[in-house]
Amino acid sequence: MEEAVRVKNTGLRGVTVADTKISYIDGERGILIYRGYRIEELAERSSFLEVAYLLLHGVLPGRSELKAFEEEVTAVREIPDFIVDSYRRWPKDADPMDVLQASVPLLATDDPDLKATTKEANVRMAVKLIARLPALVAAWHRIRSGRDPLPPDNSLPHAANFLWQLHGVKPDPQIAKDLDVCLVLHADHTFNASTFACREVVSTQAHMYAGVAGGIGALSGSLHGGANARVMKMLTEVEPWVQSEKSVTDWVNDKLSKGQKIMGMGHAVYKTFDPRSTILKKMSERLGKKLGQPHWYEWLTTIEAAALQEFEKRGKTNIKSNVDFYSGSVYHMMGIPVDLMTPIFAISRISGWTSHIIEEKFADAQEKPALYRPEAEYVGDYCGQIGCVYQPLEARA
Ligand SMILES: CC(C)(COP(=O)(O)OP(=O)(O)OC[C@H]1O[C@@H](n2cnc3c(N)ncnc32)[C@H](O)[C@@H]1OP(=O)(O)O)[C@@H](O)C(=O)NCCC(=O)NCCS
């Protein structure tokens, strides 16, 4: 009898598990596309909400469609009072990613669309999540720092309103625009770990909020959304080397020889520069000059150049800077605390997650919905088909 070939692929690298029409990466050429459009063009010419519409609906909105979508999002920005009241009793040192993940099912309990199974109801839930995730992050930050949360300012666009709700100061329009570009850059990235988590959860027909809570959990890990914050921590490590005029190359060498990684470099899919990093690099330089903090960009470019040289010497020419290398410095200059950097990733990626959840639930890119159910190779104890001899509790040592 012919034996079935069983291939085990730990980490699912290179395994295609579904079709998608939402985004595409060419890792060899450094290309990222949302619904057919290049990321460079979207970052330069579209707003985040325009991109969220594109991801959700599959086409760029017309002028009146965009206005209606912006109004729809603005109308549902406020979060329920019971969530804000409950935040006041949560431990103030709770990690903002845990708070965000725990808050999403709370939003579900208040959503009249929760049990509806139509695509329209799912799009409405997506709009509410896109509108409210920033408000949750801002409300938690204010409460943990002993201040009252602020209501949204509906005269402000999406990113500007977030900065207002966070800091209580009307932001510089250029800085708000830069944050909006960051949200465009992080909006989607094919089957990354958090998006796959969202899709896997809803493949059981669980609701959208359950899927998003799974996605936020996956994003919180340091190999995924947590890397931008770790780049900022790395910069504090480098500072004494720079101040004492020791060579940054020595610092890079020291790290690599200890088998440690340079945060914000390398990527599971890109084997050349990440196109998002190229845009953020320019933004970091420009903001540094504007805000009188050019040293972040200078240190990062010095580390990048030294690391590229060292990687080359070690024959690893495909490790380049990724989206997280420059984004930490950009957020820092916007006054965003290090532990809110990953939540900001989430307030952007929510547009991609919800689009993928809808694509998964309604099988928009394939014949019919499928429940994810991979297999694992059992390598534990085995005593044959009758099972191991069961010792009653009293008979065990
Ligand atoms: C993102 C990442 C997990 C991709 O991993 P991957 O493609 O699966 O590659 P691996 O982690 O298996 O690394 C392959 C080799 O390159 C090395 N490498 C990869 N990224 C590296 C980095 N940032 N610094 C130093 N070495 C690195 C690994 O040590 C490994 O070396 P080895 O073969 O001698 O063991 C990895 O590059 C990484 O950990 N980067 C730092 C964290 C980060 O920035 N994450 C955000 C991603 S957007």
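In each ligand, atom 1 is the first atom listed, and ligand 1 is the first ligand listed. From a predicted model like this one, the values you see are computed outputs, not experimental measurements.
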Asks: Which residue holds the protein heavy atom closest to atom 18 (N) of ligand 1, what is that atom called, and what is the gap in Å?
Replies: Ile319 CD1, 3.4 Å

Asks: Can you tell me which portion of Asp274 lies within the under-4.0 Å heavy-atom range of ligand 1? Options are side chain, backbone, both, or neither.
Replies: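 Within the 4.0 Å criterion, Asp274 makes no contact with ligand 1.
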
Asks: Show your working on salt bridge (charged side-chain N to carboxylate O under 4.0 Å, His left out) between Arg144 and Asp93 and close with a plain yes or no.
Replies: CA-CA 7 Å; Arg144 74 171 175 172; Asp93 59 353; over 6 Å; no

Asks: What protein heavy atom lies closest to atom 6 (P) of ligand 1? Include the residue and the distance to one decimal.
Replies: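 Ranking protein heavy atoms by distance from atom 6 (P) of ligand 1, first comes Arg13 NH1, 3.9 Å.
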
Asks: Answer yes or no on whether Arg396 is positioned over the face of Tyr390, meaning its NZ or CZ is under 6.0 Å from the six-membered ring centre and within 45° of the axis.
Replies: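 Positive - Arg396 is close enough to the ring of Tyr390 and near enough to its axis.
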
Asks: Which label fits His189 and His267: parallel for a plane angle under 30°, tilted from 30 to 60°, or perpendicular past 60°?
Replies: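 His189 vs His267 ring planes: perpendicular.
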
Asks: How are the rings of Trp140 and Trp90 set to each other: parallel, tilted or perpendicular (split at 30° and 60°)?
Replies: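 Aromatic pair Trp140/Trp90 classed tilted.
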
Asks: Look at ligand 1 and say whether Phe311 reaches it with a heavy atom at a distance under 4.0 Å.
Replies: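 Right, Phe311 reaches ligand 1.
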
Asks: Could you tell me whether some N/O pair between Lys316 and ligand 1 is separated by less than 3.5 angstrom?
Replies: yes

Asks: Testing the 3.5 Å rule here: is there a donor-acceptor pair between the side chains of Glu304 and Tyr326?
Replies: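 Side chains of Glu304 and Tyr326: pair found under 3.5 Å.
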
Asks: Is there a donor in the side chain of His186 and an acceptor in the side chain of Arg349, or the other way round, less than 3.5 Å apart?
Replies: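 No, because no side-chain N or O of His186 sits under 3.5 Å from a partner of the opposite role on Arg349.
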
Asks: Within the structure, is a non-hydrogen atom of Leu256 found at a distance of less than 4.0 Å from ligand 1?
Replies: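 True for this residue.
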
Asks: Name the option, out of His224, Arg276, Met265, Lys261, that contains the heavy atom nearest to atom 40 (N) of ligand 1.
Replies: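 The nearest heavy atom belongs to Met265.
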
Asks: Examine the proximity of ligand 1 to Lys271 and report which part, side chain or backbone, both or neither, has a heavy atom under 4.0 Å away.
Replies: side chain

